[in-house]
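Order of listing sets the numbers, starting from 1, for every ligand and every atom in it. What you see is a predicted model; the values in this text were computed from it and never measured.
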Amino acid sequence: MPELSKRVGTFTDSVIRRMTRISDSTPGSINLSQGFPDFDPPKEILEALKKNAEGGPQHQYSITFGAENIRKCVAEKYSPLFGREIDPDKEVVITCGSTEAMMASMMTVCNPGDNVIVFSPFYENYGADAILSGANPIYVDLVPPAFSFDKEKLEEAFKNNVKAIIVCNPSNPCGKVFTKKELEFIVGLAVKYDAFVITDEVYEHIIFAPHEHTYCASLPSAWGRVITCNSLSKTFSITGWRIGFAIAPENVAEGIKKVHDFLTVGAAAPLQEAVCAGFKLGEPYYKSLQALYTKKKAVFLEGLDKAGLKHNDPEGAYFVLVDISPFLEKPMFKGWSDLDFCSWMIKTVGVAAVPGSSFFKDGTNNYIRLHFARSEESLREATNRLMGLNKYL
Ligand code: GLN
């Protein structure tokens with residue numbers, strides 16, 4: 001048999017999504033690994049889905065870079081947030097999730113060998129995005145407990161002929177919300193060293209007070225070099241729909257449109273139409289989502305505290321990093337990886353997590369990531385189960 005490409009041998013399948021499969025094959029396990037809600041999208045969206053299930057042109061290809069209705073919704077929502085008129089025809093591309101928006105953006109701006117700055121810990125996909133687009137990641141640490149970055153180190157990284165920086169805000173997995181000042185600093189460096197800023201803002205509406213979301217593209221001098229990637233998965237609890245988008249200056253969007261066209265032709269057309277009902281809900285809906293997750297976070301963190309687990313306090317997104325060092329120091333766990341720990345934890349207490357090493361540049365092995373996009377009942381049950389870990393300490 002001929003050999004597979006060298007490229008495909010350089011990365012593994014997603015550990016996040018692998019953990020879901022392991023959880024699914026473990027009867028009774030609560031899946032807090034891959035982050036997705038166990039509750040329904042807004043009823044307005046479900047009603048629109050029913051309507052769009054009837055006969056009509058929406059069952060055929062949409063315009064490759066997105067149906068007109070949804071591109072208009074995106075432009076209407078983000079124009080005031082970015083402080084400029086976004087052109088729905090020229091500056092918006094509808095993609096199959098933010099996953100495709102990120103990949104298409106990287107393929108649009110990077111030549112093989114180009115350097116791209118990635119903050120570590122980072123969302124697992126960016127590793128594969130870099131490999132598939134030929135880019136070379138340069139990692140800059142987000143340092144716990146606040147997951148802040150060292151400004152000098154960031155500037156040092158920019159001096160390596162950097163083509164782009166990826167900013168996941170709010171950050172998966174560490175829950176950091178970049179402040180306006182931090183983003184201004186990042187954009188300032190991008191201007192100084194002539195680099196693109198590719199943002200992943202899928203958790204824009206899952207933010208915990210007093211933290212606030214700043215859209216990178218809204219900053220003075222940012223437009224022209226910021227590519228905003230986003231998705232409707234988390235905002236409308238429709239992770240299975242795979243609807244995302246990129247907003248970028250016209251010449252960049254042109255490139256993203258071409259890559260997207262040949263990768264996927266388009267996102268599912270009837271779903272693009274149905275999700276427009278979500279945009280119509282506007283600000284009151286986004287506020288209610290924020291309140292919902294604020295409550296879930298409180299329930300979950302209280303449960304983790306009761307279980308005696310050390311964890312961070314996320315400023316945004318729906319993930320918590322639990323520090324498993326106290327376990328790894330015990331003789332029973334000697335030489336264990338975080339993956340070994342997660343596999344054991346599913347079998348022992350019936351809760352699935354993602355090994356933290358999937359998110360860190362180096363051999364960081366002492367975190368596991370849990371998400372709290374679950375019903376409060378399920379979160380209580382999960383943390384009760386996690387109490388069972390105590391006897392191994
Ligand atoms: N962002 C979610 C996570 O990190 C899931 C994303 C995905 O699997 N596409 O778990």
Side-chain angles (χ1 to χ4, degrees), residues 11-24 29-39 41 95-106 118-129 132 142 147 166-177 198-207 229-246 263-264 267-268 271 289 293 296-297 300 311-312 314-322 338-339 342 345-346 351-360 367-374 378-379 382:
F11 58 100
T12 68
D13 63 319
S14 153
V15 180
I16 296 176
R17 297 180 273 280
R18 195 193 304 164
M19 292 315 292
T20 279
R21 296 195 294 278
I22 294 176
S23 178
D24 286 351
S29 129
I30 301 178
N31 185 6
L32 303 187
S33 61
Q34 184 184 20
F36 59 89
D38 65 353
F39 43 91
T95 56
C96 299
S98 183
T99 297
E100 194 213 340
M102 290 291 296
M103 181 69 82
S105 300
M106 290 279 284
V118 178
F119 286 110
S120 171
F122 55 89
Y123 174 47
E124 191 190 36
N125 278 36
Y126 308 152
D129 289 346
L132 291 173
L142 293 175
F147 292 99
I166 296 178
V167 182
C168 182
N169 181 33
S171 161
N172 176 5
C174 68
K176 177 183 176 58
V177 171
I198 305 176
T199 70
D200 183 353
E201 303 185 47
V202 305
Y203 302 99
E204 66 182 306
H205 294 299
I206 306 177
I207 297 264
C229 297
N230 210 324
S231 121
L232 304 173
S233 293
K234 276 72 183 188
T235 298
F236 295 129
S237 307
I238 48 168
T239 60
W241 287 30
R242 315 307 307 127
I243 308 278
F245 54 93
L263 275 178
T264 64
L271 303 185
L289 188 79
Y293 276 108
K296 287 185 191 301
K297 177 183 138 171
F300 192 53
H311 59 83
N312 71 320
E315 300 165 351
Y318 50 46
F319 304 103
V320 177
L321 288 172
V322 169
D338 51 358
L339 181 59
C342 287
M345 198 172 89
I346 293 189
V351 177
V354 182
S357 53
S358 314
F359 307 103
F360 286 85
Y367 292 108
I368 58 171
R369 193 199 74 175
L370 298 154
H371 82 86
F372 53 86
R374 285 285 178 268
S378 181
L379 292 173

I'd like a table of donor-acceptor pairs (distance under 3.5 Å, sequence neighbours excluded) in which one partner is a side-chain atom from residues 233-244, with atom names and distances.
residue : atom : partner : partner atom : Å
S233    : OG   : S231    : OG           : 3.2
R242    : NH1  : T239    : O            : 3.0

Exercise for review: Sequence neighbours left out, what passes ring pair (Phe, Tyr, Trp, His ring centres under 6.0 Å) with H311? Give chain and number order.
Suggested key: none
Check your understanding: Roughly how far, to the nearest 0.5 Å, is the CG atom of N230 from the OH atom of Y203?
Key -> 11.0 Å
Exercise for review: Go through N312 and Y367 one step at a time and tell me if the side chain to side chain donor-acceptor pair (under 3.5 Å) criterion holds.
Suggested key: CA-CA 10 Å; N312 71 320; Y367 292 108; over 6 Å; no
Point to revise | For R17, all residues meeting salt bridge (charged side-chain N to carboxylate O under 4.0 Å, His left out), sequence neighbours excluded | key: none
Exercise for review: Could you please provide the protein residues found below 4.0 Å of ligand 1 on a heavy-atom basis, arranged by chain and number?
Suggested key: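 Answer by chain and number: I16, R17, Q34, G35, Y123, N172, Y203, K234, F319, R369.
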Check your understanding: Taking the six-membered ring for Trp, are F372 and F300 parallel (under 30°), tilted (30 to 60°) or perpendicular (over 60°)?
Key ->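 Geometry flag for F300 against F372: tilted rings.
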